[in-house]
Amino acid sequence: MAVSEVSGADGTRYDHGAELCPYRLVLEHVTSRWGVLVLMELLERPYRFSELRRAIGRVSEKMLTQTLQTLERDGLVHRDAKPVIPPRVDYSLTALGREAAAQVKALATWTTERMADVEEARRAYDEAREERSRAS
């Protein structure tokens, strides 16, 4: 089903072309570069901020903070700040977040399983394109 064919529970069609369509925004949050990695890591277990940053790797503190805040606002991530010294903040998935993370993980698994096919398709595409450019 194409994204433009998705309908709401009441049968109305969503305007996926709208710049600020809420469904598109949530999809962007879940499938963003860091959103995918955060969801997949938190699917395994709760993490403290620094643990999560190390587990994901190569993400800036600012970007991870923004991603966690966005996912928390969308109801996918739970932030548990404990009033201790030093401060301790744990992040985990909500039930909604676990559901989204399972979908993301399924896509990641498919990507892993089908990577050889994707690489073959890329090779064939590149060869055909190179052949067309030589013929021009």
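Using a 4.5 Å cut-off on side-chain heavy atoms (C-beta onward), L93 and V77 make contact. Two residues are said to be in side-chain contact when any heavy atoms from C-beta on lie closer than 4.5 Å; V59 and L37 fail this criterion.
The CG atom of L96 sits 14.5 Å away from atom NE2 of H78, with the distance rounded to the nearest 0.5 Å. R98 CZ to S92 OG: the interatomic distance, rounded to the nearest 0.5 Å, is 8.0 Å. Rounding to the nearest 0.5 Å gives a distance of 7.5 Å between OH of Y91 and CG of L64. We find the CZ-CD distance between R123 and E119 to be 11.0 Å, quoted to the nearest 0.5 Å. For the atom pair R33 CZ and M63 CE, the distance stands at 9.5 Å (nearest 0.5 Å). Atom OG of S32 and atom CG of L71 lie 6.5 Å apart (nearest 0.5 Å).
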Apply the test side chain to side chain contact (heavy atoms under 4.5 Å, CB included) to residues L68 and L52: give CA-CA distance (whole Å), side-chain angles for both, the deciding distance (0.1 Å), then the verdict. CA-CA 10 Å; L68 286 166; L52 184 58; 3.9 Å; yes

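Shown here is E51, whose CD atom has more than 12 heavy atoms of other residues, nucleotides or ligands within 6.0 Å. More than 12 heavy atoms of other residues, nucleotides or ligands shown are found within 6.0 angstrom of NZ on K82.
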Distance-only criterion, 3.5 Å: show the donor-acceptor pairs between side-chain atoms of residues 42-50 and protein atoms not counting sequence neighbours.
unit_1, atom_1, unit_2, atom_2, d
Y47, OH, E41, OE1, 2.9

Show which side-chain atoms of residues 129-136 pair as donor or acceptor with protein atoms under 3.5 Å away, not counting sequence neighbours.
unit_1, atom_1, unit_2, atom_2, d
E130, OE2, R134, NH2, 2.5
E131, OE1, R134, NH1, 3.2
S133, OG, E130, O, 2.8
S136, OG, R132, O, 3.0

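Listed here is the closest heavy atom pair of R58 and W34: O-CH2, 3.2 Å. Closest heavy-atom contact between L39 and G97: CD2-O, 4.3 Å. When all heavy atoms of T94 and G75 are compared, the closest pair comes out as OG1-O, 2.5 Å.
Residue V36 is not grouped with residue L25 when hydrophobic side chains (ILVMFWY) are merged at heavy-atom distances under 4.5 angstrom, including chains of intermediate members.
R114 pairs with exactly one of T111, D117, T112 by the side-chain contact (heavy atoms from CB on, under 4.5 Å) rule, that one being D117.
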